[in-house]
Participant: 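Questions regarding the structure given below will be posed in turn.
Since this is a predicted model, take the numbers as computed values, not measurements.
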Amino acid sequence: QVQLEESGGGLVQPGGSLRLSCAASGSIFSIYTVGWYRQAPGKQRELVAKLTSGGSRNYADSVKGRFTISRDNARKLVGLQMNSLKPEDTAVYYCLQNRRSTGNLDPDYAYWGQGTPVTVSS
């Protein structure tokens, strides 16, 4: 049984930083692409970042230079360091792990965490 447990969300001032963490269990983990999605109320879900088993990273244009995705395969952790946060970063953030070791991250065929809310406001 694969489970993803997220933590680290909360309320932060514009310009501040947060670090999200995702703990995985029940899979080999290291062979799968992982990533983060976010969704604000009434808006479409958006891929924030992804990281393959080979270490290839991709980011949404809106977060490039501000966010960093990481993984610790030994501890089965996925991290998202978020710096210089903006109000438009406000959303529920979800951790994903693909269900196949294909190098892809398919949101319709992936394990999802429960989500952790991030609010950026003064």
Participant: Assess, by modelled atom type and distance only, whether the side chains of Ser62 and Glu88 contain a donor and an acceptor separated by less than 3.5 Å.
Facilitator: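 The answer is no; no qualifying pair exists.
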Participant: Considering residues at least two apart in sequence or located in another chain, which fulfil the side-chain hydrogen bond (donor to acceptor under 3.5 Å, both in side chains) criterion with Lys64?
Facilitator: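 side-chain hydrogen bond (donor to acceptor under 3.5 Å, both in side chains) list for Lys64, sorted by chain: Asp61.
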Participant: Kindly say whether Gly103 contributes a backbone atom to a donor-acceptor pair with the side chain of Thr33 at under 3.5 angstrom?
Facilitator: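 Flag set: sc Thr33 to bb Gly103 pair under 3.5 Å.
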Participant: For Leu96, does its backbone N or O pair with a side-chain atom of Lys50 as donor and acceptor, under 3.5 Å?
Facilitator: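 Checked: no pair found.
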Participant: Is a side-chain N or O of Gln3 found less than 3.5 angstrom from the main chain of Gly26, in a donor-acceptor match?
Facilitator: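 Pair absent, no side-chain N/O of Gln3 close to backbone of Gly26.
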Participant: If hydrophobic clusters are built by linking Ile, Leu, Val, Met, Phe, Trp and Tyr wherever their side-chain heavy atoms come under 4.5 Å apart, do Val92 and Ile69 end up in the same one?
Facilitator: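 No, it is not one cluster - the side chains of Val92 and Ile69 are not joined through contacts under 4.5 Å.
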Participant: How far apart are the closest heavy atoms of Ala91 and Ala40, and which atoms are they?
Facilitator: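 Answer, listing the atom of Ala91 first, then Ala40: CB-N, 3.9 Å.
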Participant: Is a donor on one side and an acceptor on the other found under 3.5 Å between the side chain of Glu6 and the backbone of Gly115?
Facilitator: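 Side chain of Glu6 to backbone of Gly115: a pair is present.
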Participant: So, for Ser122 and Gln13, which heavy atoms are closest and what is the spacing to 0.1 Å?
Facilitator: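 Shortest heavy-atom contact: CA-OE1, 3.3 Å.
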Participant: So, taking the atom named CG in Asn58 and the one named CG in Leu105, what distance separates them when rounded to the nearest 0.5 Å?
Facilitator: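 With rounding to 0.5 Å, CG (Asn58) is 10.0 Å from CG (Leu105).
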Participant: Write down the atom of Tyr32, the atom of Ser27, and the distance for their closest heavy-atom approach.
Facilitator: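 Closest heavy-atom pair between Tyr32 and Ser27: CE1-CB, 4.3 Å.
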Participant: Provide the closest heavy-atom pair for Ile28 versus Lys76 in the form atom of the first, atom of the second, distance.
Facilitator: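 Looking at all heavy atoms of both residues, the shortest contact is O-CE, 4.2 Å.
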Participant: Could you tell me if the side chain of Gln97 sits less than 4.5 Å from the side chain of Val34, heavy atoms only?
Facilitator: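 Answer yes - side chains close enough.
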Participant: Validate the cation-pi geometry between Arg66 and Tyr59: distance from NZ or CZ to the six-membered ring centre under 6.0 Å, angle to the ring axis within 45°.
Facilitator: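 Here Arg66 fails the 6.0 Å and 45° test against Tyr59.
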Participant: How close do Arg19 and Gly79 get, counting heavy atoms only, and between which atoms?
Facilitator: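 For Arg19 and Gly79, the tightest heavy-atom pair comes out as NH2-CA, 4.2 Å.
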Participant: Could you check whether any side-chain heavy atom of Phe29 comes within less than 4.5 Å of a side-chain heavy atom of Val2, counting everything from C-beta outward?
Facilitator: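 A side-chain contact is absent here, since even the closest heavy-atom pair is not under 4.5 Å.
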Participant: Ignoring hydrogens and angles, tell me if any N or O in the side chain of Thr90 forms a donor-acceptor pair with the backbone of Val120 under 3.5 Å.
Facilitator: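 A pair under 3.5 Å: yes.
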Participant: State, yes or no, whether a side-chain contact exists between Val78 and Trp36 at a heavy-atom distance under 4.5 Å.
Facilitator: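 They are in contact (side-chain heavy atoms under 4.5 Å apart), so the answer is yes.
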Participant: Can you tell me how far the CD atom of Glu46 sits from the OH atom of Tyr94, to the nearest 0.5 Å?
Facilitator: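 It comes to 13.5 Å.
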Participant: Below 4.0 angstrom, N of the basic side chain to O of the carboxylate: do Asp106 and Arg100 qualify?
Facilitator: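 Between Arg100 and Asp106 there is no salt bridge, as every charged N stays at least 4.0 Å from the carboxylate O atoms.
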Participant: Roughly how far, to the nearest 0.5 Å, is the CG atom of Leu80 from the CG atom of Leu51?
Facilitator: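 Spacing of CG (Leu51) from CG (Leu80) equals 11.0 Å.
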Participant: Test your reading of the model: is there a side-chain donor-acceptor pair from Asp72 to the backbone of Leu77, 3.5 Å cut-off?
Facilitator: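 Pair absent, no side-chain N/O of Asp72 close to backbone of Leu77.
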Participant: How close do Lys43 and Gln39 get, heavy atom to heavy atom, and via which atoms?
Facilitator: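 Between these two residues, the closest heavy atoms are O-NE2, 3.0 Å.
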Participant: Tyr37: what forms a ring pair (Phe, Tyr, Trp, His ring centres under 6.0 Å) with it, not counting sequence neighbours?
Facilitator: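 Result, ring pair (Phe, Tyr, Trp, His ring centres under 6.0 Å) vs Tyr37: Trp112.
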Participant: Out of curiosity, Thr52 OG1 to Asn98 CG, how far, rounded to the nearest 0.5 Å?
Facilitator: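 Between Thr52 OG1 and Asn98 CG, I get 11.0 Å after rounding to 0.5 Å.
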Participant: Determine the sole option in Val63, Leu20, Asp89 for which the side chain to side chain contact (heavy atoms under 4.5 Å, CB included) test with Met82 is passed.
Facilitator: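 So the option named by the test is Leu20.
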Participant: Could you see if Val48 belongs to whatever hydrophobic cluster contains Val12? Use Ile, Leu, Val, Met, Phe, Trp, Tyr and a side-chain cutoff under 4.5 Å.
Facilitator: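 Per the 4.5 Å side-chain linkage, Val48 and Val12 are co-clustered.
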Participant: Could you measure the distance from the CZ atom of Arg38 to the OG1 atom of Thr116? Nearest 0.5 Å is fine.
Facilitator: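 It comes to 14.0 Å.
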